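Some notes on the structure that comes next.
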Amino acid sequence: MVTAGDVSSAVRAAISQAAVTLRPDVLEAIATAARSETSERGRAVLRQLLENATVARDDRVPLCQDTGTVWVRLEIGSEECLGSDVQALVDEAVADAYRDGALRMSTARDALFDRSNAGDNTPAWLDVGFRPGRGVRVDVMLKGGGSDNAS
C-alpha cells in the first residue's frame with residue numbers, strides 16, 4: 001500500500017533531483033552538438049552548458065536560477081487510497097523542496113488577478129489519473145518561467 005507520505009517524499013526527491021541534474025540523454029545531445037559545432041563561439045557556449053551541468057550536479061545547486069513552476073502528474077492505482085487532500089499534499093511537498101533546496105520561489109498566486117509572489121512556489125500544477133491495480137506513479141517537471149513558457 002502506498003501512503004500519502006510516500007507520494008510526498010517522491011515529489012520532494014524529484015524536485016531536488018530535477019533542479020540540479022540534466023537527464024543523461026540531454027547531456028549526451030549537448031556533448032554531441034559541441035563536438036560537431038563548426039562555430040568556435042557555438043562550441044564555447046555548448047561547453048559552458050556542460051560545465052554548468054557538472055557544477056550544478058556536483059555542488060547540488062540549481063541548473064538555472066529560474067526553476068519555475070512545478071508540474072506533477074500522479075497516476076494512482078484504483079486499489080490505492082491516499083486518504084489525503086492530494087493537492088495540499090503535493091503543495092506541501094513543493095514548498096518543503098523549494099525551501100530545503102534553497103530554490104528561487106518566484107511564482108505568482110494567480111497570473112491574471114493576483115500577481116503577488118506566493119512565497120513557496122505553490123500551488124503546483126497537478127494532474128491525477130487512475131489505472132487498474134496498485135501503486136502510484138509520480139512524474140514531476142520544473143517548468144521555467146522564461147522562453148519555455150510558450151511551450
Side-chain angles (χ1 to χ4, degrees), residues 2-76 82 84-129 131 135-151:
V2 177
T3 68
D6 295 333
V7 173
S8 182
S9 294
V11 170
R12 280 195 306 276
I15 291 168
S16 298
Q17 184 72 8
V20 302
T21 59
L22 286 178
R23 294 186 341 225
D25 62 320
V26 174
L27 283 171
E28 182 53 38
I30 295 170
T32 298
R35 289 190 297 272
S36 63
E37 174 60 51
T38 57
S39 156
E40 178 53 42
R41 180 175 285 172
R43 284 191 304 276
V45 168
L46 292 165
R47 286 192 304 265
Q48 186 66 51
L49 290 172
L50 290 169
E51 181 181 345
N52 182 65
T54 299
V55 168
R57 182 198 64 221
D58 292 349
D59 292 351
R60 303 290 299 167
V61 296
L63 286 157
C64 178
Q65 57 85 24
D66 183 1
T67 52
T69 56
V70 180
W71 295 60
V72 177
R73 169 136 172 72
L74 300 178
E75 188 176 278
I76 302 172
L82 296 179
S84 179
D85 175 341
V86 177
Q87 182 72 56
L89 173 79
V90 167
D91 286 345
E92 183 179 344
V94 168
D96 289 347
Y98 269 71
R99 184 181 51 255
D100 295 347
L103 302 177
R104 181 176 173 217
M105 296 179 241
S106 59
T107 59
R109 292 184 193 286
D110 183 292
L112 296 176
F113 302 111
D114 184 357
R115 300 286 302 154
S116 65
N117 188 318
D120 62 4
N121 247 50
T122 66
W125 292 88
L126 177 61
D127 180 42
V128 179
R131 60 171 171 74
V136 176
R137 178 185 168 108
V138 178
D139 294 304
V140 175
M141 177 176 71
L142 304 182
K143 186 164 178 51
S147 61
D148 69 328
N149 235 2
S151 64

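Owing to the predicted nature of the structure, the values given are computational and were not obtained by experimental measurement. In what follows, every heavy atom counts, from backbone to side chain, and hydrogens, waters and symmetry copies are set aside.
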Do side-chain atoms of [X] reach the backbone of [Y] as a donor and acceptor pair under 3.5 angstrom?
{"X": "Asp59", "Y": "Val61", "value": "no"}
{"X": "Thr122", "Y": "Ala124", "value": "no"}
{"X": "Asn117", "Y": "Met105", "value": "yes"}
{"X": "Ser8", "Y": "Ala4", "value": "no"}
{"X": "Asn121", "Y": "Ser106", "value": "yes"}

Can you tell me how far [atom2] of [Y] sits from [atom1] of [X], rounded to the nearest 0.5 angstrom?
{"X": "Leu22", "Y": "Ile30", "atom1": "CG", "atom2": "CD1", "value": "5.5 Å"}
{"X": "Arg131", "Y": "Ile76", "atom1": "CZ", "atom2": "CD1", "value": "9.5 Å"}
{"X": "Thr69", "Y": "Trp71", "atom1": "OG1", "atom2": "CH2", "value": "6.0 Å"}
{"X": "Met141", "Y": "Arg73", "atom1": "CE", "atom2": "CZ", "value": "12.5 Å"}
{"X": "Glu92", "Y": "Asp85", "atom1": "CD", "atom2": "CG", "value": "10.5 Å"}

| query | If every non-hydrogen atom of Ser84 is compared with every non-hydrogen atom of Leu89, which pair is closest and at what distance? | reply |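 Closest approach of Ser84 to Leu89, heavy atoms only: OG-CB, 4.0 Å.
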| field | Where Ala56 and Leu63 come nearest, the two heavy atoms and their spacing | value |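 Nearest heavy atoms, Ala56 then Leu63: CB-CD2, 3.7 Å.
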Flag for [Y]-[X]: side-chain donor and acceptor within less than 3.5 Å:
{"X": "Gln87", "Y": "Asp91", "answer": "yes"}
{"X": "Arg57", "Y": "Thr54", "answer": "no"}
{"X": "Thr3", "Y": "Asp6", "answer": "yes"}
{"X": "Ser16", "Y": "Arg12", "answer": "no"}

Does the side chain of [X] reach to within under 4.5 Å of the side chain of [Y], using non-hydrogen atoms?
{"X": "Val94", "Y": "Asp120", "answer": "no"}
{"X": "Leu142", "Y": "Val70", "answer": "yes"}
{"X": "Val72", "Y": "Trp125", "answer": "no"}
{"X": "Val11", "Y": "Val138", "answer": "yes"}
{"X": "Ile15", "Y": "Leu103", "answer": "yes"}

| request: Test salt bridge (Lys or Arg N to Asp or Glu O under 4.0 Å) on Arg43 and Glu37 and set out the steps. | output: CA-CA 6 Å; Arg43 284 191 304 276; Glu37 174 60 51; over 6 Å; no
| said: Test salt bridge (Lys or Arg N to Asp or Glu O under 4.0 Å) on Arg23 and Glu28; report intermediate values, then the result. | reply: CA-CA 9 Å; Arg23 294 186 341 225; Glu28 182 53 38; over 6 Å; no
| query | How far apart are the C-alpha atoms of Leu74 and Asp127, what are their side-chain angles, what is the distance that settles it, and do they pass the side chain to side chain contact (heavy atoms under 4.5 Å, CB included) test? | reply | CA-CA 6 Å; Leu74 300 178; Asp127 180 42; over 6 Å; no
| task | Check the surroundings of atom CZ in Arg99: do more than 12 heavy atoms from other residues, nucleotides or ligands lie under 6.0 Å from it? | result |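 Buried by this count: over 12 neighbours within 6.0 Å.
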